[in-house]
S.K.: 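Please see the structure below; I have some questions.
Sequential numbering from 1 along the given sequence is applied to the chain's residues. Worth saying up front: this structure is predicted, and the values here are computed from it rather than measured.
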Amino acid sequence: MATGSNIRTYFNGTWHDGDIPVMRAADHGMWLGSNVFDGARFAHGLTPDLDRHCARVNASAEALMVTPTVSVQDMVEIVQDGLKAYAPDAAVYIRPMYWAIEGGMSAIVPKDGGATGFAISLEEIPMAPPEHSATITRTRFRRPVLEDAVVNAKAACLYPNNARMLAEAKSKGFTNALVADALGNVAEAATANAFAVKDGEVFTPVPNGTFLAGITRARHIENLRADGVTVHECIMSFDDFHDADEVFLSGNMMKVIPVTAFDDTNYQIGPVTRRVREMYWDWAASA
């Protein structure tokens with residue numbers, strides 16, 4: 001079942017209207033989970049950091065021992081061609097995907113240099129309105145380390161853990177979860193990177209190999225520093241988020257999501273959060 005509407009699928013060298021089948025029962029990715037993807041956005045007539053998202057899906061494939069088959073430039077051009085079918089004011093989620101087709105050693109390892117499946121899904125998904133916000137809670141589930149899971153890839157096999165986090169948060173009346181790493185420090189949210197604002201300065205968990213430091217996260221940090229705001233990438237506790245003046249989440253899907261509650265701590269949608277969103281789209285338009 002699709003998340004969005006007005007879907008187009010790139011597969012086997014051409015664009016198709018609709019959500020078409022792309023995998024077979026015996027494909028390695030179907031039964032052994034060698035699936036990776038990335039997400040970019042088309043909104044306000046812009047595709048911010050599309051090249052970086054295309055580069056990351058290739059890197060993710062390599063992390064799962066899957067052979068990427070499409071260059072970044074070719075992928076960007078394919079996406080841009082597919083977007084021509086949408087209205088200029090449409091909001092589209094762009095999802096390039098790879099999976100291994102052939103198994104190698106013991107069938108478990110993807111075949112070295114074996115056939116690779118590739119597809120791109122375009123779906124219309126609206127951007128959240130500025131007043132949209134999240135509420136977050138803690139979860140007993142944690143981010144794994146590289147020795148336990150392929151945390152250096154945007155891999156589909158990581159997302160059942162995210163689903164457990166979200167389901168637990170929903171059961172407690174919240175919309176997302178703030179997640180610990182193996183040592184008990186804050187890593188990120190279940191579906192996004194996390195930022196806290198205190199006395200006009202911005203704090204975010206330092207990348208420590210347990211979570212993907214997002215492309216949009218990096219863009220926010222760059223924009224904030226260019227605007228003269230001090231940004232700290234550091235070890236953060238849950239108390240640091242309770243003590244914050246503002247909290248917001250950062251991800252490709254909605255770019256900036258203000259947080260209005262963390263368990264029993266409440267926040268306003270503050271000026272830094274609003275400024276981060278404004279700077280992001282100003283940067284995207286100028287780029």
Side-chain angles (χ1 to χ4, degrees), residues 3 37-39 41 56 93 125 127-128 131-145 149 151-198 202-221 224 231-270 272-273 276-277 280:
T3 300
F37 71 97
D38 216 286
R41 267 300 204 171
R56 190 170 66 178
Y93 183 55
I125 300 177
M127 296 296 297
E131 65 273 14
H132 171 76
S133 64
T135 58
I136 57 177
T137 185
R138 293 186 63 164
T139 172
R140 68 186 185 277
F141 303 111
R142 295 194 178 193
R143 286 286 179 234
V145 296
V151 291
N152 58 333
K154 197 168 177 66
C157 59
L158 299 172
Y159 279 75
N161 197 36
N162 296 0
R164 297 191 304 176
M165 298 169 185
L166 290 173
E168 182 183 6
K170 182 180 178 181
S171 73
K172 294 163 67 176
F174 296 85
T175 61
N176 212 320
L178 199 60
V179 182
D181 62 19
L183 297 177
N185 300 310
V186 176
E188 59 174 347
T191 59
N193 296 133
F195 290 80
V197 182
K198 184 69 174 178
V202 176
F203 300 79
T204 190
V206 62
N208 61 4
T210 68
F211 65 95
L212 280 180
I215 291 167
T216 306
R217 171 190 180 276
R219 186 61 64 190
H220 291 328
I221 291 172
L224 283 162
V231 180
H232 305 271
E233 295 182 85
C234 55
I235 296 172
M236 296 188 68
S237 69
F238 289 95
D239 285 343
D240 291 329
F241 281 85
H242 280 298
D243 292 341
D245 301 321
E246 305 174 40
V247 173
F248 64 91
L249 306 181
S250 161
N252 167 68
M253 182 64 81
M254 298 303 173
K255 305 305 181 184
V256 178
I257 301 177
V259 172
T260 51
F262 173 27
D263 288 331
D264 57 357
T265 301
N266 296 310
Y267 316 94
Q268 298 296 316
I269 301 176
V272 175
T273 301
V276 168
R277 179 187 286 113
Y280 181 84

S.K.: Under the salt bridge (Lys or Arg N to Asp or Glu O under 4.0 Å) test, which residues partner K172, sequence neighbours left out?
M.R.: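 With sequence neighbours excluded, K172 shows a salt bridge (Lys or Arg N to Asp or Glu O under 4.0 Å) to no residue whatsoever.
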S.K.: Got a sec, which residues hit salt bridge (Lys or Arg N to Asp or Glu O under 4.0 Å) with D243, two or more places apart in sequence or on another chain?
M.R.: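 Checked D243 against salt bridge (Lys or Arg N to Asp or Glu O under 4.0 Å); zero matches.
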S.K.: Enumerate the residue pairs fulfilling salt bridge (Lys or Arg N to Asp or Glu O under 4.0 Å) with a member in residues 151-171, sequence neighbours excluded, ordered by first and then second residue.
M.R.: R140-E168
S.K.: Considering only heavy atoms from C-beta outward, does the side chain of P258 approach that of R277 to under 4.5 Å?
M.R.: yes
S.K.: Of all the heavy-atom pairs spanning G209 and V151, show the shortest one and how long it is.
M.R.: O-CG2, 2.9 Å
S.K.: Using the six-membered ring wherever Trp is involved, compare the ring planes of H220 and F195 and label them parallel, tilted or perpendicular (cut-offs 30° and 60°).
M.R.: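 H220 and F195: perpendicular rings.
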S.K.: Name all residues meeting the side-chain hydrogen bond (donor to acceptor under 3.5 Å, both in side chains) criterion together with D38; count only those two or more places apart in sequence or in a different chain, and write none if there are none.
M.R.: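 D38 satisfies side-chain hydrogen bond (donor to acceptor under 3.5 Å, both in side chains) with H53, R56 only.
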S.K.: Which heavy atom of V145 sits nearest to which heavy atom of A182, and what is that distance?
M.R.: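 Closest approach of V145 to A182: CG1-CB, 4.1 Å.
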S.K.: Minimum heavy-atom separation for L249 and A192, please, with both atom names.
M.R.: CB-CB, 4.0 Å
S.K.: Can you list every pair that meets salt bridge (Lys or Arg N to Asp or Glu O under 4.0 Å) and has a residue in residues 186-197, with sequence neighbours left out?
M.R.: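 Every pair satisfying salt bridge (Lys or Arg N to Asp or Glu O under 4.0 Å) with a residue in residues 186-197: R143-E188.
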S.K.: Has the side chain of T204 got a donor or acceptor atom that lies under 3.5 Å from a matching backbone atom of A194?
M.R.: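 It does hold such a pair.
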S.K.: For residues 205-214, pull every pair meeting salt bridge (Lys or Arg N to Asp or Glu O under 4.0 Å), keeping only residues two or more places apart or in separate chains.
M.R.: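 Pairs touching residues 205-214 that pass the test: none.
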S.K.: Within the 4.5 Å heavy-atom criterion, are I269 and T260 side-chain neighbours or not?
M.R.: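 A side-chain contact exists here, since the closest heavy-atom pair is under 4.5 Å.
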S.K.: Identify, with sequence neighbours excluded, every residue that meets side chain to side chain contact (heavy atoms under 4.5 Å, CB included) alongside D263.
M.R.: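 Scan of D263 (side chain to side chain contact (heavy atoms under 4.5 Å, CB included), adjacent residues dropped) gives T137, R138, F174, H242.
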S.K.: Decide yes or no for V186 and F238: does some side-chain heavy atom of the first lie under 4.5 Å from some side-chain heavy atom of the second?
M.R.: yes
S.K.: Evaluate the side-chain proximity of N252 to Y93: yes if any heavy-atom separation is below 4.5 Å, no if none is.
M.R.: yes
S.K.: Do the non-hydrogen side-chain atoms of T135 and V259 ever get within less than 4.5 Å of each other?
M.R.: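 No, every pair of side-chain atoms sits at 4.5 Å or beyond.
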S.K.: Show, in sequence, the C-alpha distance, side-chain angles and deciding distance for V247 and F262, and conclude whether the side chain to side chain contact (heavy atoms under 4.5 Å, CB included) test is met.
M.R.: CA-CA 9 Å; V247 173; F262 173 27; over 6 Å; no
S.K.: Can you list, pair by pair, the side-chain donor-acceptor contacts under 3.5 Å of residues 211-218, counting residues two or more places apart and other chains?
M.R.:
unit_1, atom_1, unit_2, atom_2, d
R217, NH1, E233, OE1, 3.2
R217, NH2, P205, O, 3.2
R217, NH2, E233, OE1, 2.7

S.K.: Testing the basics here: between A189 and N176, what is the closest heavy-atom pair and its distance to 0.1 Å?
M.R.: CB-OD1, 3.9 Å
S.K.: If the condition is side-chain hydrogen bond (donor to acceptor under 3.5 Å, both in side chains), which residues does T210 pass it with, not counting sequence neighbours?
M.R.: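 Once residues adjacent in sequence are excluded, the partners of T210 under the side-chain hydrogen bond (donor to acceptor under 3.5 Å, both in side chains) criterion are N208.
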S.K.: Quick one: pull up CZ in F241 and OH in Y267 and give me the separation to the nearest 0.5 Å.
M.R.: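 Result: 8.0 Å between the selected atoms.
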S.K.: Among residues at least two apart in sequence or on other chains, which ones pass ring-ring contact (aromatic ring centres under 6.0 Å, His included) with Y159?
M.R.: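 Y159 satisfies ring-ring contact (aromatic ring centres under 6.0 Å, His included) with F37 once adjacent residues are dropped.
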S.K.: With sequence neighbours excluded, what pairs up with Y280 under the side-chain hydrogen bond (donor to acceptor under 3.5 Å, both in side chains) test?
M.R.: K255
S.K.: When rounded to the nearest 0.5 angstrom, what is the spacing between CG in L178 and CD1 in I136?
M.R.: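 Going from CG on L178 over to CD1 on I136, the span is 4.5 Å.
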S.K.: Hey, what do you get for CE (M253) to CZ (R41), rounding to the nearest 0.5 Å?
M.R.: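 Taking CE in M253 and CZ in R41, the distance rounds to 5.5 Å.
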S.K.: Is D240 reaching over with its side chain to a backbone N or O of S237, donor-acceptor style, under 3.5 angstrom?
M.R.: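 Answer holds: yes.
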S.K.: If every non-hydrogen atom of A128 is compared with every non-hydrogen atom of M254, which pair is closest and at what distance?
M.R.: N-SD, 3.2 Å
S.K.: Considering residues at least two apart in sequence or located in another chain, which fulfil the side-chain hydrogen bond (donor to acceptor under 3.5 Å, both in side chains) criterion with R142?
M.R.: none
S.K.: Of all the heavy-atom pairs spanning L166 and T175, show the shortest one and how long it is.
M.R.: CD2-O, 3.8 Å
